[in-house]
Colleague: 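Pasting a structure below so you can have a look.
All values below were derived from every heavy atom in this structure, side-chain atoms included, with hydrogens, water molecules and symmetry-related copies excluded. By convention in this document, chain letters (A, B, ...) are assigned in the order of the sequence lines, proteins followed by strands, and residues within each chain are numbered from 1.
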2 protein chains.
Amino acid sequence: MSDLLERLRGRGWRMTAQRRVVAEVLDGEHVHMTADEVHARAVTKLPEISRATVYNTLGELVTLGEVIEVTTDRRAKRYDPNAHRPHHHLVCARCGAIRDVHPTGNPLADLPDAERFGFTVSDVEVTYRGLCPDCAGI
Amino acid sequence: MSDLLERLRGRGWRMTAQRRVVAEVLDGEHVHMTADEVHARAVTKLPEISRATVYNTLGELVTLGEVIEVTTDRRAKRYDPNAHRPHHHLVCARCGAIRDVHPTGNPLADLPDAERFGFTVSDVEVTYRGLCPDCAGI
DNA sequence: TCCTACGTTGGACTTTGTCTAAGTCAAATG
DNA sequence: CATTTGACTTAGACAAAGTCCAACGTAGGA
Ligand SMILES: [Mn+2]
Ligand SMILES: [Mn+2]
Ligand SMILES: [Zn+2]
Ligand SMILES: [Zn+2]
């Protein structure tokens with residue numbers, strides 16, 4: 001994530017305080033923030049940053065392949081800076097906690113030709129659902 | 001789907017023209033309509049039916065286990081009357097076409113204990129993405 | 001037939017995200 | 001450095017999907 005700013009520059013993108021702050025906020029393990037959460041944290045470092053710019057920058061990071069959009073529920077999209085290692089997600093149905101998981105096996109191989117209906121299948125998302133330790137105890 | 005009305009009655013639910021119409025609309029193969037699409041079709045049979053009632057009834061059918069909510073994108077939820085046979089979905093990234101698919105293998109078995117982080121995992125959704133024959137040709 | 005609790009309705013409201021016009025500024029240029 | 005310019009940022013209007021509510025209507029039991 002730290003050389004992200006270089007890559008952006010390499011693409012001829014202008015470096016701004018806003019983009020730097022959004023990139024800084026998106027860092028860590030099992031980070032899956034909504035756009036508004038990113039904005040809330042960005043504001044603590046750069047009070048004037050607007051919601052629109054956060055949306056714009058997140059969209060650019062997704063296009064760049066530095067961040068992945070994750071949709072685990074019908075609420076807000078989540079932005080996942082762990083774009084380097086392919087993984088799937090385990091979601092608590094009650095509190096919404098999200099963990100990265102790395103299942104064995106290849107789900108793409110599990111889809112026979114007869115079940116592809118002529119589609120060119122390029123990607124697969126797997127979402128495991130259940131209750132986290134905290135929520136299961138209640 | 002035809003005995004749905006019986007089951008509803010068995011649960012002590014009042015039978016109304018609105019609920020009957022929503023149940024009728026939700027029938028067929030590879031049907032994955034949004035709430036507004038269900039409403040649009042329901043209106044042709046019962047012009048006075050309101051959006052709120054469609055949402056209410058769909059929610060009730062989901063609770064009853066007669067219909068499954070499918071979220072393939074961050075647009076509208078889709079309602080799937082094929083709740084009887086477990087299946088997953090294949091989605092065209094361009095036009096949004098949805099097909100039911102039945103992959104081999106069990107993704108739940110592919111998630112080792114060490115990757116469960118103490119969660120009680122109860123369900124898994126798999127979404128295959130790609131291009132349908134029409135969209136791949138363009 | 002009458003009652004009433006449950007179902008329905010329209011509209012206001014919320015959440016999430018997009019769009020735009022006007023202002024600002026990074027960085028190329030000399 | 002100072003200038004210049006088009007890409008970037010901003011506030012706020014707008015849109016789509018869904019929820020909520022108070023008033024009204026009716027299914028089905030007494
Ligand atoms: Mn992740
Ligand atoms: Mn389906
Ligand atoms: Zn939880
Ligand atoms: Zn298509």
Colleague: C/dT8, OP1 or OP2 - any side-chain N/O from B/Ser50 closer than 4.0 Å?
Modeller: no
Colleague: Could you give the CZ-to-P distance, from B/Arg11 to C/dG7, as a whole number of Å?
Modeller: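 Taking atom P of C/dG7 as the reference, CZ of B/Arg11 is at 13 Å.
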Colleague: A/Arg20 has an atom CZ; how far is it from atom C1' of C/dC25, in whole Å?
Modeller: 13 Å
Colleague: Is any side-chain heavy atom of B/Leu58 closer than 4.5 Å to a side-chain heavy atom of B/Leu26?
Modeller: yes
Colleague: Does a donor on one side chain sit under 3.5 Å from an acceptor on the other, for A/Asn82 and A/His30?
Modeller: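 No, because no side-chain N or O of A/Asn82 sits under 3.5 Å from a partner of the opposite role on A/His30.
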Colleague: Report yes if a side-chain nitrogen or oxygen of A/Gln18 is closer than 4.0 Å to either non-bridging phosphate oxygen (OP1 or OP2) of C/dC25; otherwise report no.
Modeller: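 No, outside the criterion.
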Colleague: If I take atom CG in residue A/Leu46 and atom C1' in nucleotide C/dC25, what distance separates them, rounded to the nearest angstrom?
Modeller: 14 Å
Colleague: Looking only at atom types and distance, does a side-chain atom of A/Arg116 sit under 3.5 Å from a main-chain N or O of A/Leu111, one as donor and one as acceptor?
Modeller: yes
Colleague: Tell me which residues in residues 37-44 of chain A put a heavy atom below 4.0 Å from DNA chain C, sorted by number, or none.
Modeller: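 When residues 37-44 of chain A is checked for heavy atoms under 4.0 Å from DNA chain C, there are no hits whatsoever.
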Colleague: Look at A/Asp36 together with A/Arg51 and state whether they make a salt bridge at an N to O cut-off of under 4.0 Å.
Modeller: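 Between A/Arg51 and A/Asp36 there is a salt bridge, with a charged N closer than 4.0 Å to a carboxylate O.
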Colleague: Looking just at side-chain N and O atoms, do B/Asp100 and B/His88 make a donor-acceptor pair shorter than 3.5 Å?
Modeller: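 No pair is found: no donor N or O on one side chain lies under 3.5 Å from an acceptor on the other.
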Colleague: Any idea how B/His87 and B/His102 line up, ring-wise: parallel (<30°), tilted (30 to 60°), or perpendicular (>60°)?
Modeller: tilted
Colleague: Take atom CD1 of A/Ile49 and atom C1' of C/dT24, then tell me their distance rounded to the nearest Å.
Modeller: 15 Å
Colleague: Could you state the atom-to-atom distance from CD of A/Glu60 to C1' of D/dC8 in whole Å?
Modeller: 9 Å
Colleague: Is a side-chain donor or acceptor of B/Tyr128 paired with a backbone partner of A/Glu125 at a separation under 3.5 angstrom?
Modeller: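 No, B/Tyr128 side chain to A/Glu125 backbone: no donor-acceptor pair under 3.5 Å.
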Colleague: Would you list the protein and nucleotides 15-17 of chain D atom pairs, both N or O, that sit under 3.5 Å from each other?
Modeller:
residue	atom	partner	partner atom	Å
D/dA17	OP1	B/Arg75	NH2	3.1

Colleague: If we check side chain to side chain donor-acceptor pair (under 3.5 Å) with B/His89, which of these qualifies: B/His32, B/Arg129, B/Arg99?
Modeller: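 Testing each of B/His32, B/Arg129, B/Arg99 against B/His89, the sole residue satisfying side chain to side chain donor-acceptor pair (under 3.5 Å) is B/His32.
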Colleague: Can you tell me which residue among B/Val38, B/Thr16, B/Val43, B/Thr57 is in a side chain to side chain contact (heavy atoms under 4.5 Å, CB included) with B/Ile49?
Modeller: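 Answer to the side chain to side chain contact (heavy atoms under 4.5 Å, CB included) test with B/Ile49 among B/Val38, B/Thr16, B/Val43, B/Thr57: B/Val43.
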Colleague: Can you tell whether the side chains of A/Glu24 and A/Arg41 come within less than 4.0 Å, N to carboxylate O?
Modeller: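 No, no charged N to carboxylate O under 4.0 Å.
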Colleague: Using a cut-off of under 3.5 Å, enumerate the N/O to N/O pairs linking the protein to nucleotides 25-29 of chain D.
Modeller:
residue	atom	partner	partner atom	Å
D/dT26	O2	B/Arg14	NH1	3.4
D/dA27	O3'	B/Met15	O	3.4
D/dG28	OP1	B/Met15	N	3.0

Colleague: Check this for me, if you would: do A/Glu66 and A/Arg7 make a salt bridge, where the nitrogen-to-carboxylate-oxygen distance has to be below 4.0 angstrom?
Modeller: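 A salt bridge is present here (some side-chain N lies under 4.0 Å from a carboxylate O).
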